[in-house]
Amino acid sequence: MTQLKSEFLNILQERGYIHQVTDLEALDKKISEGPISAYIGFDCTAPSLHVGSLVQIMMLRWLQKTGNKPIVLMGGGTSKIGDPSGRDESRQLMTDEIIQNNLDGIFTVFNQLLEFGDGKTDAKMVNNDDWLSSLSYIPFLREIGPHFTINRMMTFDSVKLRLDREQPLTFLEFNYMILQAYDFMELAKRESVSLQMGGSDQWGNIVNGMELARRMGGGQLFGLTTPLMTTSDGKKMGKTANGAVWLNEAQLPAYDYWQFWRNTTDADVGRFLRLFTELPMDEIARLEALEGREINDAKIILANEATKLCRGLDAAKTAEATAKETFEKGGAGADLPTINVSSETLNAGINIIDLFVQAGLGSSKGEVRRLIKQGGAKLNDVKVASEEVTVAAADIADGQIKLSAGKKRHALVKPE
RNA sequence: GGAGAGAUGGCCGAGCGGUUAAAGGCGACGGAUUGUAAAUCCGUUCUCGUAUGAGUACGCAGGUUCGAAUCCUGCUCUCUCCA
């Protein structure tokens with residue numbers, strides 16, 4: 001590996017954030033000569049980002065920590081188009097209201113993870129809708145169009161893969177990369193940005209932006225991508241029992257977020273500690289070396305640190321305490337998913353199957369029946385013997401009823 | 001504009017008049033094992049019902065037939081080749 005001068009790139013390199021860089025040495029030189037501004041673009045396709053984007057966000061944190069200025073580009077404009085990268089099908093077009101709503105949701109995460117403001121190294125959020133929406137078609141084509149050849153565009157993975165798979169690629173989506181390239185150039189002008197970072201699937205888009213800027217006399221820009229985040233068993237990272245691992249509390253409670261990290265595969269612990277926590281490297285080396293059941297300690301630290309960053313210290317502590325109570329003592333931690341049931345209902349008695357469905361431990365009655373039949377359903381840690389069990393006020397212990405589906409999914413029922 | 005091919009359960013993919021709630025795989029879930037890991041093994045996998053069962057389901061709308069995912073007609077969408 002090349003010996004780097006800048007603190008920022010050194011950290012990125014030793015922690016494993018770098019997949020590809022356009023010109024590592026020149027970039028290193030530039031950063032070590034003085035602070036730079038760098039940006040990452042985020043689509044507003046959902047009300048929250050998920051762990052897949054966390055690697056990128058962590059880079060912005062390091063950027064800020066090392067004295068540079070992070071720019072968060074929200075794709076308010078490009079989300080009206082939809083990025084075809086890595087997709088077999090077109091995205092559903094979204095209305096302006098949905099996009100705005102998503103943008104607001106996503107921003108809460110950045111607000112948690114970065115310092116925003118007007119200072120030199122304060123993060124800044126920009127929205128490409130501000131300049132893309134007002135573009136006029138003909139002038140835009142005349143200005144930008146000559147710098148792109150269809151021949152070249154066809155060679156980019158985002159386009160090529162779709163064509164190779166004989167999946168349709170609309171003209172609308174085909175334009176996405178041009179707009180993203182335009183963004184890079186625009187940000188270089190507006191915010192003196194010199195580096196764009198992103199996931200490895202963004203390489204083509206980033207390179208396009210650099211070339212456009214160069215051809216239009218904008219000077220040298222840089223691009224850097226992170227590796228595709230997969231777990232060591234080859235799956236795409238970021239799935240839990242309930243779907244994607246969202247960064248927002250509203251989409252995924254802190255306890256589940258903590259559990260996601262706690263359940264990391266042994267082989268991924270070191271890598272994840274480097275990428276998703278800010279623990280010093282020697283500490284990580286120590287944790288990573290743990291073997292057998294001891295590596296569980298490293299996983300707990302990983303979960304604590306990751307949850308702390310994203311959800312705050314209190315959330316991390318509560319989640320840890322809940323996990324400890326639930327798994328180590330076999331009890332019921334306070335942070336478990338909870339539903340409220342009226343006292344009248346409980347006094348009258350409620351069927352066990354209905355209660356499980358209400359508690360979210362099964363998506364249909366049939367599923368809960370199966371669960372009971374297979375011996376995976378528990379009421380206050382006692383196996384539910386039959387589908388006809390009725391839960392009533394008498395089952396309340398310590399002011400609550402504990403339901404379990406399998407060993408890992410638990411929920412609390414509280415009377416109200 | 002012309003000629004072909006196709007659309008099946010969360011996904012991939014068989015089926016091509018009845019024995020098909022639809023093979024097989026993946027995924028997911030439960031159990032065993034264990035360390036809230038991985039790997040492995042066993043089981044489950046549309047909805048409702050205690051159950052005999054009923055209701056939905058093979059792109060959409062009709063039709064033929066005792067009976068259709070399977071045959072016919074129209075429509076929608078996609079792909080390939082030709083102009």
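Convention: sequence-line order gives letters A, B, ...; per-chain numbering from 1. In this text, all values refer to a predicted model and were calculated from it rather than measured experimentally.
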K.L.:
Given B:A37, B:G35, B:U36, identify the nucleotide with an atom nearest to the side chain of A:Thr265.
P.N.:
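The closest nucleotide is B:A37.
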K.L.:
Between B:A61 and B:G1, how far is it from one C1' atom to the other, in whole Å?
P.N.:
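The same atom, C1', in both gives a distance of 27 Å.
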K.L.:
If you measure from the P atom in B:A68 to the same atom in B:C75, how many Å do you get, rounded?
P.N.:
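The same atom, P, in both gives a distance of 24 Å.
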K.L.:
What nucleic acid atoms does A:Ala405 come within less than 4.0 Å of, heavy atoms only: base, sugar-phosphate, or nothing?
P.N.:
sugar-phosphate
K.L.:
Could you tell me how far apart A:Asn263 (CG) and B:A38 (P) are, to the nearest whole angstrom?
P.N.:
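A:Asn263 atom CG is separated from B:A38 atom P by 7 Å.
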K.L.:
Would you check if the side chain of A:Arg215 reaches a backbone N or O of A:His147 as a donor-acceptor pair within less than 3.5 Å?
P.N.:
yes
K.L.:
Could you check if a side-chain atom of A:Glu278 sits within less than 4.5 angstrom of a side-chain atom of A:Met58, using non-hydrogen atoms only?
P.N.:
yes
K.L.:
So A:Thr264, base contact, sugar-phosphate only, or nothing? Heavy-atom distance under 4.0 Å.
P.N.:
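Sugar-phosphate contact only.
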K.L.:
Return the 5'-most residue of the pair A:Ile300, A:Gly376 with respect to RNA chain B, ranking by each residue's nearest nucleotide.
P.N.:
A:Gly376
K.L.:
Just distance, no hydrogens or angles: give the donor-acceptor pairs under 3.5 Å from side chains in residues 97-105 of chain A, sequence neighbours left out.
P.N.:
{"residue": "A:Gln100", "atom": "NE2", "partner": "A:Asp104", "partner atom": "OD1", "Å": "3.1"}
{"residue": "A:Asn102", "atom": "ND2", "partner": "A:Cys44", "partner atom": "O", "Å": "2.9"}
{"residue": "A:Asn102", "atom": "ND2", "partner": "A:Ile98", "partner atom": "O", "Å": "3.4"}

K.L.:
Between A:Phe140 and A:Tyr182, how do the two ring planes meet: parallel, tilted or perpendicular, split at 30° and 60°?
P.N.:
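Taking A:Tyr182 first and then A:Phe140, their aromatic rings stand perpendicular (interplane angle over 60°).
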K.L.:
Would you mind telling me which of B:A38, B:C29, B:U36 lies closest to the side-chain atoms of A:Ala323?
P.N.:
B:U36
K.L.:
Can you check whether any acceptor in the base of B:U36 is under 3.5 Å from a donor in the side chain of A:Gln259, or vice versa?
P.N.:
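A donor-acceptor contact between them is present.
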K.L.:
Distance check needed: B:U34 P versus A:Lys408 NZ, whole Å only.
P.N.:
16 Å
K.L.:
From C-beta outward on A:Lys407, which listed nucleotide comes closest to its side chain: B:U50, B:G31, B:G35?
P.N.:
B:G31
K.L.:
State whether a side-chain donor-acceptor pair under 3.5 Å links A:Asn68 with A:Thr66.
P.N.:
yes
K.L.:
Hey, is the side chain of A:Gln374 pairing donor to acceptor with the base of B:G31 inside 3.5 Å?
P.N.:
no
K.L.:
To the nearest Å, how far apart are A:Arg370 CZ and B:G31 P?
P.N.:
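To the nearest whole Å, that distance equals 14 Å.
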K.L.:
Taking only side-chain nitrogens and oxygens of A:Arg369, does any of them come within less than 4.0 Å of OP1 or OP2 of B:U47?
P.N.:
no
K.L.:
Let's test your reading of the model: under 3.5 Å, does the base of B:U36 pair with the side chain of A:Lys324 as donor and acceptor?
P.N.:
no
K.L.:
In terms of side-chain heavy atoms of A:Arg293, which of B:A38, B:U36, B:G35 is nearest?
P.N.:
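Out of B:A38, B:U36, B:G35, the nucleotide with an atom closest to A:Arg293's side chain is B:G35.
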K.L.:
Say you pick atom C1' in B:G63 and the same atom in B:G15; how far apart are they, in whole Å?
P.N.:
23 Å
K.L.:
Verify side-chain contact (heavy atoms from CB on, under 4.5 Å) between A:Ile339 and A:Val341, making sure each step is shown before the conclusion.
P.N.:
CA-CA 7 Å; A:Ile339 59 161; A:Val341 173; 4.0 Å; yes
K.L.:
State, without any angle test, whether A:Asn208 and A:Arg152 hold a side-chain donor-acceptor pair at a distance under 3.5 Å.
P.N.:
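A:Asn208 vs A:Arg152: no donor-acceptor pair found between side chains.
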K.L.:
Who pairs with A:Ser6 by side-chain hydrogen bond (donor to acceptor under 3.5 Å, both in side chains), at least two apart in sequence or on another chain?
P.N.:
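By the side-chain hydrogen bond (donor to acceptor under 3.5 Å, both in side chains) rule, A:Ser6 matches A:Asp28.
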K.L.:
Flag yes if more than 12 heavy atoms outside A:Glu291 fall under 6.0 Å of its CD atom; otherwise flag no.
P.N.:
no
K.L.:
What nucleic acid atoms does A:Gly366 come within less than 4.0 Å of, heavy atoms only: base, sugar-phosphate, or nothing?
P.N.:
sugar-phosphate
K.L.:
I want to confirm an ordering. Mapping A:Ala377 and A:Lys373 to their closest nucleotides on RNA chain B, which one lands closer to the 5' end?
P.N.:
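Counting from the 5' end, the first nearest nucleotide belongs to A:Ala377.
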K.L.:
Could you measure between the two C1' atoms, the one in B:G62 and the one in B:C26, and give it in whole Å?
P.N.:
37 Å
K.L.:
What's the gap between B:C12 and B:G17 when it is taken at their P atoms, as a whole Å value?
P.N.:
25 Å
K.L.:
What is the distance, to the nearest angstrom, from the CG atom on A:Leu361 to the P atom on B:C29?
P.N.:
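Distance, rounded to whole Å: 13 Å.
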K.L.:
Whole Å only: how far is the NZ atom of A:Lys365 from the P atom of B:A51?
P.N.:
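Value for this atom pair: 12 Å.
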K.L.:
Could you check how far CZ of A:Arg262 sits from P of B:G35, rounded to whole Å?
P.N.:
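Value for this atom pair: 12 Å.
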K.L.:
With rounding to the closest Å, how many angstrom separate the C1' atoms on B:U33 and B:G25?
P.N.:
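About 25 Å, rounded to a whole number of Å.
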K.L.:
Nearest to the side chain of A:Ser364, heavy atoms from C-beta on, is which of B:G30, B:U47, B:G35?
P.N.:
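Between B:G30, B:U47, B:G35, the one nearest the side chain of A:Ser364 would be B:U47.
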K.L.:
Take atom C1' in B:U8 and the same atom in B:C16, then report the distance between them in whole Å.
P.N.:
12 Å
K.L.:
Name all stems that contain residues of RNA chain B, defined as runs of 3 or more consecutive Watson-Crick or G-U wobble pairs, both distances under 3.5 Å.
P.N.:
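Paired runs of 3+ in RNA chain B: B:1-7 with B:76-82, B:10-12 with B:24-26, B:27-32 with B:40-45, B:46-48 with B:53-55, B:59-63 with B:71-75.
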K.L.:
Quote, to the nearest angstrom, the P distance that separates B:G9 from B:G2.
P.N.:
31 Å
K.L.:
A:Asp266 has an atom CG; how far is it from atom P of B:G35, in whole Å?
P.N.:
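Answer to the nearest Å: 12 Å.
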K.L.:
Atom CD of A:Glu291 to atom P of B:A37: distance rounded to whole Å?
P.N.:
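Computing the A:Glu291:CD to B:A37:P distance gives 18 Å.
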